[in-house]
Visitor: 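So that we are looking at the same thing, I have put the structure below in structure tokens.
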Amino acid sequence: MTKDEIISSGIMETYVLGIASHDEVALINRLCLEFPEINNELELIEKSLIHYASQTSKPLNPVLKNEIVSQLEFSAKENNATKVISIAKSERRLKLYKYGMAACLFLLITSLAYNLLLNEKLKNLVVELQKSEDEQNYAVKEININKLALASIRQQLQIVAKPKVITVVLNGMNSLAKNSAKIHWNTVTDELYFNASQLPKSPDSKQYQLWAIVAGRPVDAGIINWSDSGGIFQKMNLIKGAQAFAVTIEKVGGSVTPTLETMCLLGNV
Amino acid sequence: MIKQNYTHDQLIELVRNRNQQAFSYLYDNYSQALFGVIHSILNDFEESEDVLQKTFLKIWNSFSSYDEKKGRLYTWMLNIARNLAIDTTRSRHEKMKTKIQSRDENVDRYEGKMFIEETSHETIGLKKIVQTLKEEHKVIIDLAYFEGYTQEEISKKLNLPLGSVKTKVRQAILRLRELTKDEYLN
């Protein structure tokens, strides 16, 4: 069908009336895009139909329009004025964004710098903390050592303070002329302790040995274990009925009989 | 009020955007015609006003269902108005049926309407187009336009071959256009 044939066919009239078939509707839609005349023709047909229907009844009550409008929802009113304002607004907004971005960058950089600074400080603090932890550990060790020392002193004191314990001062002679030591001897239980606050180290491969003189004869009372601190409080062998005590320097492991030449401490009960 | 003129596409776009001015334009340009269609079917002024109100609410609230590819905006609105009016006559018929269980149940819609029209006083004082239009043209326009008859229904109703319905419709509308033109010129 040519354009003119279509115009004269009546398809366009049925199209406007809404009683054209699907194919006819599609055809007219396609032609409308191609030929402005077709569109124009449709508008004229529509106009005449609108005009005709408008005349078949009395005019509407004008109040009806507002009644209907009041029941509908509309988008917010738009006009040119608000558009102009909105452009100005958006420019202002753009400026604000620029300042905002600058401020954000500044804050970011400041924050990064501050972070670095804080990180450095943190490192120092960690080192210091480690140091003080070490110090604390050391102090705790010291305290423990002191506690042990105190406990041992208390023990010594208890031993010495018992009523049946007698103390014998051993005076230095020969190599230990300037030194002295003590013996604490419980005459009831026969327990014997050697007590020296300062005793020089024995010569190499030699040891100090304590002897008790019982009925004029020397009895082995045990080997003295020398310690680095120089202070010694040591339990010795049990001794009964001693009249005197002496210390000699003997070979390691001690001797059966004392070497009189090496006697260095001696005291009578 | 400044009368604006929108193109078909502009108007559709504005209505889609729920623009109040577009609604005003729709109402000012189409309400009287749609009312004419509704009134032709119902023949009761107040009832027709109610249906017109429903029609515009439906146009506005279900505009998303309008598809340009299926026809022009006025055709779509016309369908809504026509269907709502016909629904109203049906419910009116239902009421009648329950009231009086008699009468011919298959009253032809068109004949029924003609009967009411003849006895109605509301057609008095109408403009000349309606009066000057030849009866054969008026009948076919009223069937296709107001009653929403399909081409097949018109062919059966008027005893015309299906192929000539379109031609008859065209002739009637051409006549209508001439009359409209005359009126504008006068």
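Within every chain, numbering begins at 1; the chains are lettered A, B, ... in the order of the sequence lines, protein sequences first and strands thereafter. These numbers come from a predicted model, not from an experiment.
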Visitor: Which bit of A/L33 is near chain B, if near means a heavy-atom gap under 4.5 Å: side chain, backbone, both or neither?
Guide: neither
Visitor: Heavy-atom distances under 4.5 Å only: say whether B/K168 touches chain A with side chain, backbone, both or neither.
Guide: neither
Visitor: Against chain A, label B/Y145 side chain, backbone, both or neither, depending on which of its atoms sit under 4.5 Å from a heavy atom there.
Guide: both
Visitor: Among B/K70, B/K69, B/Q53, which has the most heavy-atom pairs under 4.5 Å with chain A?
Guide: B/Q53
Visitor: For B/L174, is it the side chain, the backbone, both or neither that has a heavy atom under 4.5 Å from a heavy atom of chain A?
Guide: neither
Visitor: Between B/I154 and chain A, with a heavy-atom cut-off of 4.5 Å, which part of the residue counts as in contact: side chain, backbone, both or neither?
Guide: side chain
Visitor: If you count heavy-atom pairs within less than 4.5 Å of chain A, which of B/L57, B/N79, B/V169, B/T150 leads?
Guide: B/L57
Visitor: Pick one: which of A/V25, A/I28, A/L31, A/D23 meets side chain to side chain contact (heavy atoms under 4.5 Å, CB included) with A/I11?
Guide: A/I28
Visitor: Apply side-chain hydrogen bond (donor to acceptor under 3.5 Å, both in side chains) to residues B/D142 and B/Y149 and explain how you reach the verdict.
Guide: CA-CA 9 Å; B/D142 285 1; B/Y149 270 45; over 6 Å; no
Visitor: Under a 4.5 Å heavy-atom cutoff, which of B/W76, B/Y30, B/F23, B/F56 has the most pairs with chain A?
Guide: B/F23
Visitor: Would you say the side chains of A/Y15 and A/N29 form a donor-acceptor pair under 3.5 Å?
Guide: yes
Visitor: Give the member of A/I19, A/I50, A/V69 that has the highest number of heavy-atom pairs under 4.5 Å with chain B.
Guide: A/I50
Visitor: Please classify the contact between B/L78 and chain A as side chain, backbone, both or neither, with a heavy-atom cut-off of under 4.5 Å.
Guide: side chain
Visitor: Distance-only, no hydrogens or angles: does the B/R170 side chain make a donor-acceptor pair with backbone N or O of A/I7 under 3.5 Å?
Guide: yes
Visitor: Relative to chain B, which of A/M12, A/E41, A/H22 shows the most heavy atom pairs under 4.5 Å?
Guide: A/E41
Visitor: Look at the side chain of A/S75 and the backbone N and O of B/R18, then say whether any donor-acceptor pair between them is shorter than 3.5 Å.
Guide: yes
Visitor: Using only atom types and a distance under 3.5 Å, with no angle test, would you say the side chain of A/W226 pairs donor to acceptor with the backbone of A/Q207?
Guide: no
Visitor: So that I know where these two stand, are B/F146 and A/Y52 an aromatic pair - ring centroids less than 6.0 Å apart?
Guide: yes
Visitor: Under 4.5 Å heavy-atom distance to chain A, tell me which part of B/Q171 shows up: side chain, backbone, both or neither.
Guide: neither
Visitor: Any chance the rings of A/F106 and A/Y99 have centres within less than 6.0 Å?
Guide: no
